[in-house]
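Notes to accompany the following structure.
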Amino acid sequence: WVQVAEPVWFVLLRSRDRANGPLSVLQAETQCSVVVDRSSSRVRVAGTAQQAERAQAWLWRMHEDCDTMQVWLGPHVKSPDLLVTEAEANSLEVHVELQRQRGGGCVARVQGITWEVQRVVGVLRAAASSSPARTGSTAATPNPLELSDKSGCSSKSTSSSGGRRGRES
């Protein structure tokens, strides 16, 4: 098994059933059999040593084309779950997770192919800014989070090599 960055894993996982999706392209270009683990950010690559090397290089290039961004959706945003569901339905190249915050509101973590991540983040920001502002509140409104994490590493990563964390036994 080869560990991959979460954005890469989400894109490959969501494209399993698409004939022209990234997983099919990876298999066609490298002539490898590739299986995406459904529960962990890893893939199994089967082929000759040269084919496996090409597959790892392909995965690394894909990692470079992926990104993770976060967007603050304040407590005034109605139905953030619906926003996330619609965002994912309109793009197979992203995965969005909501992290509820104490005191209300949530952070939407968007992962996937960079241009799609940017598009979805734009949609979420527009929805957040078009929601009616709270009136009579003395609480400070948090600034939108616009953090970009090109590493794509999950918290369990132990390598500084970005998303590709090596082979497991």
Side-chain angles (χ1 to χ4, degrees), residues 1-73 80-81 83-99 106-127 144-169:
W1 290 94
V2 177
Q3 290 293 127
V4 294
E6 283 186 359
V8 172
W9 178 67
F10 283 122
V11 169
L12 293 173
L13 188 65
R14 290 183 60 121
S15 73
R16 286 187 329 260
D17 301 326
R18 292 181 25 221
N20 60 346
L23 181 58
S24 295
V25 172
L26 167 59
Q27 291 177 330
E29 288 182 3
T30 63
Q31 297 299 303
C32 283
S33 170
V34 180
V35 176
V36 180
D37 188 317
R38 291 181 184 206
S39 61
S40 179
S41 59
R42 61 187 190 162
V43 296
R44 186 176 62 213
V45 177
T48 66
Q50 186 178 26
Q51 290 169 329
E53 284 178 23
R54 281 199 311 258
Q56 284 191 337
W58 192 98
L59 288 165
W60 185 250
R61 284 190 306 275
M62 183 173 191
H63 168 72
E64 292 172 347
D65 291 340
C66 288
D67 201 358
T68 297
M69 296 180 78
Q70 297 182 3
V71 178
W72 170 251
L73 302 174
D81 295 305
L83 282 174
V84 167
T85 300
E86 290 175 1
E88 284 188 332
N90 291 325
S91 173
L92 293 175
E93 310 295 333
V94 298
H95 172 73
V96 184
E97 291 177 29
L98 281 180
Q99 300 167 343
C106 53
V107 173
R109 186 169 188 241
V110 184
Q111 301 180 78
I113 300 292
T114 299
W115 69 271
E116 276 292 298
V117 167
Q118 291 170 346
R119 186 186 67 76
V120 169
V121 164
V123 169
L124 293 174
R125 283 185 186 145
L145 294 176
E146 298 178 7
L147 307 174
S148 177
D149 176 12
K150 277 303 285 183
S151 71
C153 290
S154 68
S155 59
K156 60 187 173 188
S157 172
T158 58
S159 170
S160 62
S161 64
R164 191 177 67 191
R165 292 177 281 203
R167 292 183 183 262
E168 283 186 352
S169 354

Pairs involving residues 31-56, ordered by first then second residue, that meet ring pair (Phe, Tyr, Trp, His ring centres under 6.0 Å) (sequence neighbours left out): none
W9 side chain vs V36 backbone, donor-acceptor pair below 3.5 Å: no
Main-chain N/O of C32 paired to Q51 side chain as donor or acceptor, under 3.5 Å: no
Backbone of S24 reached by a side-chain donor or acceptor of S15 within 3.5 Å: no
N/O donor-acceptor pair under 3.5 Å between Q99 side chain and V107 backbone: no
N/O donor-acceptor pair under 3.5 Å between R44 side chain and V35 backbone: no
Test item: R119 and N90 side chains (from C-beta on) under 4.5 Å apart, heavy atoms: yes
Short side-chain to backbone donor-acceptor contact, S40 and R42, under 3.5 Å: no
Side chain E6, main chain S41, donor-acceptor under 3.5 Å: no
Q50, CD atom: more than 12 neighbouring heavy atoms under 6.0 Å: no
Heavy-atom side-chain proximity of V43 to L23 below 4.5 angstrom: no
Donor-acceptor contact below 3.5 Å, side chain R54 vs main chain Q31: no
Worked check of side chain to side chain contact (heavy atoms under 4.5 Å, CB included) between T68 and V117: CA-CA 7 Å; T68 297; V117 167; over 6 Å; no
Salt bridge present between E64 and R61 (N-O < 4.0 angstrom): no
